[in-house]
Amino acid sequence: SGAAADGDLASLDAALSELYVECDRRACTPAATSVPSGAARLLQRSLFMCAVLLLHAALSSAPGHMVRKHAEVALHCLCQVSGGVVAVAELDVLERLLLLDLAESGRLAAVLMSLLDGQDEPRPAA
């Protein structure tokens with residue numbers, strides 16, 4: 001039973017890492033977001049929705065130590081695809097989960113400043 005749970009957590013880690021890689025690959029660049037066409041805007045929204053729903057499903061039921069491990073990188077992932085931001089209920093829950101975890105760990109201000117500056121890459125969730 002413990003081995004199965006460890007395997008599930010390892011699978012969750014691997015899946016989230018792949019999501020982060022794909023969000024980085026598809027990150028909105030200033031040139032890409034300056035005047036997006038209708039099709040580009042639809043793709044950005046779809047990507048953002050997918051990221052929100054996948055992160056919400058993965059982290060809302062994950063143990064606390066997994067949320068702590070992934071909070072910073074997950075927030076960065078959302079920031080990367082924020083050109084397609086749309087309001088959905090899962091986004092509110094996910095934001096609260098990530099922001100509360102980062103606040104409890106004392107990293108919220110630093111993480112938000114690095115995202116606003118756009119300079120620092122998040123630490124890998126290894």
Distance, nearest 0.5 Å, that separates [atom1] of [X] from [atom2] of [Y]:
X      : Y      : atom1 : atom2 : value
Cys77  : Glu72  : SG    : CD    : 13.0 Å
Arg25  : Gln80  : CZ    : CD    : 13.0 Å
Met66  : Asp8   : CE    : CG    : 10.0 Å
Leu91  : Met49  : CG    : CE    : 9.0 Å
Asp117 : Met113 : CG    : CE    : 5.0 Å
Ser61  : His56  : OG    : NE2   : 9.0 Å

**OP:** Report yes or no: do His70 and Tyr20 form a side-chain donor-acceptor pair below 3.5 Å?
**Re:**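 A donor-acceptor contact under 3.5 Å links the two side chains.
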Hydrophobic cluster membership, [X] vs [Y], 4.5 Å side-chain cutoff:
X      : Y      : answer
Leu59  : Leu53  : yes
Val21  : Leu19  : no
Leu100 : Leu102 : no
Val88  : Val85  : yes

Answer yes or no: is there a side-chain heavy-atom contact under 4.5 Å between [X] and [Y]?
X      : Y     : answer
Leu112 : Leu75 : yes
Pro63  : Leu9  : yes
Val73  : Leu16 : no
His76  : Asp24 : yes
Ser60  : Leu94 : no
Leu47  : Leu43 : no
Leu98  : Leu78 : yes

[X] to [Y] - nearest heavy-atom pair and separation:
X     : Y     : answer
Val81 : Ala51 : CG2-CB, 4.1 Å
Leu12 : Ala62 : CD2-CB, 4.0 Å
Ser82 : Cys79 : OG-O, 2.9 Å

Original post:
Thinking salt bridges, do Lys69 and Asp13 make one under a 4.0 Å N-O criterion?
Top reply: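 A salt bridge links Lys69 with Asp13.
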